[in-house]
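This is a predicted model, so every value here is computed, not measured.
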Amino acid sequence: MAARRRGAGLRLCATVFLLDMAFCKGFVEDLDESFKDNRKDDIWLVDFYAPWCGHCKKLEPIWNEVGLELKSIGSPVKVGKMDATSYSSIASEFGVRGYPTIKLLKGDLAYNYRGPRTKDDIIEFAHRVSGALIRPLPSQQMFEHVQKRHRVFFVYVGGESPLKEKYIDAASELIVYTYFFSASEEVVPEYVTLKEMPAVLVFKDETYFVYDEYEDGDLSSWINRERFQNYLTVDGFLLYELGDTGKLVAIAVIDEKNTSNEHTRLKSIIQEVARDYRDQFHRHFQFGHMDGNDYINTLLMDELQVPTVVVLNTSNQQYFLLDRQINSAEDMVHFINNILDGTVEAQGGDSILQRLKRIIFDAKSTVVSVFRSSPLMGCFLFGLPLGVISIMCYGIYTADADGGYIEERYEVSKSELEGQEPTAESKEQEPSGAAALGPTEQEPKDVLEKKKD
């Protein structure tokens, strides 16, 4: 009886799950070739996928939840998906080069999504890009609301100016990453001090920074550098994004499950430097911590002992290892200053030698990971080709040996024939020789007969 109840319960759960999946799928449209002509009337969030792609299959339930969420909150963004292998011409027009590719299509503009593939992050991207490029902040209450909601955002303060045109151009390029607002000087909080107007500010880490054209260079590049918080929990995806900033990344590599003093101390030191030396280092350094050393080991092609501190230059794959024991924030500051003045030697890089080393390391890592995860599969994938190659080499070698033997035997038989030919000729020439000698032997007899006569 209990088994029947459990079976009925499992069937009910499976039915509810399937109905829920079907309900979510109802808010995601399957797009075809007609989409190209009809899309400009609406804002579309589209997943370009391939049926055989594992990452695409992993994204599918999340994508269905995105469609349901945007529909339920009344968003103007429509959610769809397109098989890029069946409609390859349309996918290529939108610049699809990998799967899955997420794009928000707004009029003639197409925005690529490059963030984490989670429901909340994708929905946040849709809200940000589908709205106004520059959002006005008409009151201090609205400004405070934005500060509570967004960890990092940019504000243009002032009227029409060449700086505002540059700000709009930068926003059109970087809206996929962060929010852009505009406000009057009266709306800006009282603690903000502006030396001149107009101005562009970034608010983050419970403070603000003002763009200085002479010190910070191009506005778009400055925004791209400052769109991250000063201290981050770093992973592989975030390191890839930080590569566009040109900043050095100081990372405490720790085991978050390890609560020993050594692990927590390094993390606290990096946090302290990021907070207390912000004005000194924020233009050149990004700070954070990473849980575990697996990704760092792959990046550095080396085995780092945890806990430790490593400074990465993600733009050229160079890195700096500790030249001292880090016991305080002052030790870390001294280490950073040594990096800036060139005292600490950079390792790694993107030279030809390093690239060859990377190819060998990646190949070795792939083989080892395959054998660790599935020894039988590893033997099949690598043993079978090696066996086939061995058989081919053996066949070529034996074929060469047999060919040499046949050729040698042919040479011997040919020489034997050449040796026998003179004998045959001599036998044929013997009668002719005897015939030639015959008349000479008979000639004296004739002469004698004539003498007798």
Side-chain angles (χ1 to χ4, degrees), residues 17-18 20-133 170-180 220 224 227 235-244:
F17 176 76
L18 292 174
D20 184 50
M21 291 295 294
F23 180 72
C24 291
K25 285 184 178 180
F27 298 104
V28 176
E29 296 189 30
D30 286 309
L31 305 175
D32 53 26
E33 63 274 358
S34 63
F35 173 72
K36 180 181 176 181
D37 299 323
N38 301 330
R39 72 173 184 84
K40 292 186 179 180
D41 296 332
D42 299 294
I43 301 174
W44 282 92
L45 185 65
V46 182
D47 169 28
F48 293 91
Y49 70 96
W52 44 261
C53 171
H55 294 292
C56 301
K57 294 176 182 178
K58 187 177 180 180
L59 177 64
E60 185 177 4
I62 299 173
W63 198 250
N64 292 331
E65 293 178 8
V66 169
L68 175 62
E69 180 77 13
L70 291 177
K71 187 70 175 179
S72 63
I73 62 177
S75 172
V77 179
K78 293 185 175 183
V79 181
K81 61 180 182 178
M82 175 177 286
D83 183 350
T85 60
S86 298
Y87 306 103
S88 56
S89 59
I90 298 177
S92 62
E93 286 185 21
F94 288 115
V96 176
R97 296 182 178 85
Y99 310 114
T101 294
I102 299 173
K103 288 180 177 284
L104 188 135
L105 308 175
K106 183 180 176 183
D108 294 326
L109 301 175
Y111 297 94
N112 287 328
Y113 176 70
R114 299 175 181 175
R117 296 186 186 120
T118 63
K119 183 189 77 171
D120 293 338
D121 287 307
I122 294 172
I123 290 174
E124 177 72 12
F125 166 79
H127 285 321
R128 183 170 63 248
V129 180
S130 63
L133 188 64
S172 63
E173 177 188 355
L174 301 171
I175 187 65
V176 294
Y177 299 118
T178 189
Y179 283 90
F180 294 88
S220 181
N224 194 41
R227 60 187 175 90
D235 56 16
F237 176 80
L238 192 55
L239 273 180
Y240 175 78
E241 290 290 305
L242 289 170
D244 295 333

Minimal heavy-atom distance between Tyr111 and Ser172, with the atoms involved, is CE2-O, 3.8 Å
Taking the side chain as everything from C-beta on, heavy atoms only, tell me whether Tyr87 gets closer than 4.5 Å to Leu31. no
Measure up the Phe94 and Phe48 rings against each other and bin them: parallel (under 30°), tilted (30 to 60°), perpendicular (over 60°). tilted
### Message
Would you say OH of Tyr240 has more than 12 non-hydrogen atoms from neighbouring residues, nucleotides or ligands within 6.0 angstrom?
### Response
no
Practice item. Please determine, by modelled atom types, if Glu124 and Tyr179 share a side-chain donor-acceptor pair under 3.5 angstrom. Key: yes
For this session: Answer whether the closest heavy-atom distance between the side chains of His127 and Val77 falls below 4.5 Å.
Result: no
Worksheet entry | Lys71, NZ: over 12 other non-hydrogen atoms inside 6.0 angstrom | no
Next on the checklist: Could you check whether any side-chain heavy atom of Val79 comes within less than 4.5 Å of a side-chain heavy atom of Glu29, counting everything from C-beta outward?
Outcome noted: no
How are the rings of Phe35 and Trp44 set to each other: parallel, tilted or perpendicular (split at 30° and 60°)? perpendicular
For a side-chain contact (heavy atoms from CB on, under 4.5 Å) check, start with the C-alpha distance between Val176 and Phe125, then their side-chain angles and the critical distance, and finish with the verdict. CA-CA 7 Å; Val176 294; Phe125 166 79; 3.9 Å; yes
When rounded to the nearest 0.5 Å, the distance separating OG1 of Thr101 from CZ of Arg114 is 10.5 Å
Point to revise | Any Phe180 side-chain heavy atom under 4.5 Å of Ile175 side chain | key: yes
Distance col, row Ile122:CD1 vs Glu65:CD, nearest 0.5 angstrom, shows 10.0 Å
Interatomic distance, CG@Leu174 vs CG@Asp244, rounded to 0.5 Å, equals 10.0 Å
Query raised in the report: Side chains of Leu59 and Ile102: closer than 4.5 Å at any heavy-atom pair?
Result: yes
For Ser220 and Glu173, the nearest pair of non-hydrogen atoms, with its separation, is OG-OE1, 3.2 Å
Between the CG atom in Asp32 and the CD1 atom in Ile90, the distance rounded to the nearest 0.5 Å is 7.5 Å
Query - Any side-chain heavy-atom pair of Tyr113 and Leu45 under 4.5 Å - result: no
Original post:
Would you say the side-chain atoms of Lys81 pair up with the backbone N or O of Asn64, donor to acceptor, closer than 3.5 Å?
Top reply: no
*asked:* Side chains of Tyr177 and Arg128 only: does a donor on one sit below 3.5 Å from an acceptor on the other?
replied: no
Nearest heavy-atom contact between Gly67 and Val28 is CA-CG2, 4.2 Å
Output for pair (Ser88 OG, Asp83 CG), nearest 0.5 Å, gives 9.5 Å
Heavy atoms of Ala110 and Leu105 approach each other most closely as CB-CD2, 3.5 Å
Donor-acceptor pair, distance only, cut-off 3.5 Å: does the side chain of Arg39 make one with the backbone of Ser34? no
Review point. Do the two ring centres, one from Trp63 and one from Tyr49, sit under 6.0 Å apart?
Key: no
When rounded to the nearest 0.5 Å, the distance separating CD of Glu33 from OG of Ser86 is 10.0 Å
A side-chain contact here means heavy atoms from C-beta on lying under 4.5 Å apart; do Pro100 and Arg117 qualify? yes
| said: Do Lys103 and Met82 make a side-chain contact, defined as non-hydrogen atoms from C-beta onward lying under 4.5 Å apart? | reply: no
Smallest heavy-atom separation, Leu70 atom then Ala126 atom, equals CD1-CB, 4.3 Å
